[in-house]
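Here the structure comes first, spelled out in structure tokens, and everything after it is commentary.
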Amino acid sequence: MRVMSWIQNHPHVLEEAYSRARAALVPFRRWLRRGGTVERLFIAGEKLTKGPIFDCRMCGQCILHSTGMTCPMTCPKTMRNGPCGGVRPDGTCEVKPEMACVWLQAWERSKRMPAFGDEILRLQPPVDRRLEGSSAWINEFTGDGARMPPGWGA
Ligand code: SF4
């Protein structure tokens, strides 16, 4: 547990790991397709790694690098843009007072990310529930993860 919170509170290490992992996958991008063995392996790998580190909910559209390496899907309102306005004065969640506001953590951690920290200012589209349970890495390379819903992004 202590190791996990150390990792989460060193987002610059995580953003470096993300950049390196992405660069390492680029040469293999033509094999990164949905619906086959490769995707099943990625799904297993993501559950195994992002599950314990980020409490990943397998939304299939990972925006960790835009949210201070803090998973927005752990917000009880599953907000992709936050905070919601109901943050308590002590920084805890209005829905679950026993937890810190995910978006306050995201904001604080993003300030410690030299490469992607400014991405927290981006307006995120609604999550595409059809991608739930799929591999976010595969979706990143196929472009499925970045596809905008109709009418969004004008
Ligand atoms: S944003 Fe989605 S893929 Fe990324 S850690 Fe959160 S639930 Fe998992």
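Counting begins at 1 with the first residue of the sequence. Order of appearance sets the numbers: ligands from 1, and atoms from 1 within every ligand. All of these numbers come straight from a predicted model, not from anything done at the bench.
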Q) Is the Lys NZ or Arg CZ of R34 less than 6.0 Å from the centre of F42's six-membered ring, within 45° of the axis? A) no
Q) So does E94 pair up with K77, basic N to acidic O under 4.0 Å? A) yes
**Q.** Ligand-residue contact atoms, ligand 1 with I63, heavy atoms, under 4.0 Å
**A.** 1 (S)
Q: Take the angle between the ring planes of H12 and H10 and call it parallel below 30°, perpendicular above 60°, tilted in between.
A: tilted
**Q.** Closer than 2.8 Å to atom 8 (Fe) of ligand 1 - protein N, O or S atoms, ordered by chain and residue number
**A.** C56 SG
Q. So, are D90 and R88 salt-bridged, with charged N and O less than 4.0 Å apart?
A. no
Q: Using the six-membered ring wherever Trp is involved, compare the ring planes of F116 and H65 and label them parallel, tilted or perpendicular (cut-offs 30° and 60°).
A: tilted
Q) With under 30° as parallel and over 60° as perpendicular, where do the rings of F28 and W31 fit, or are they tilted in between? A) tilted
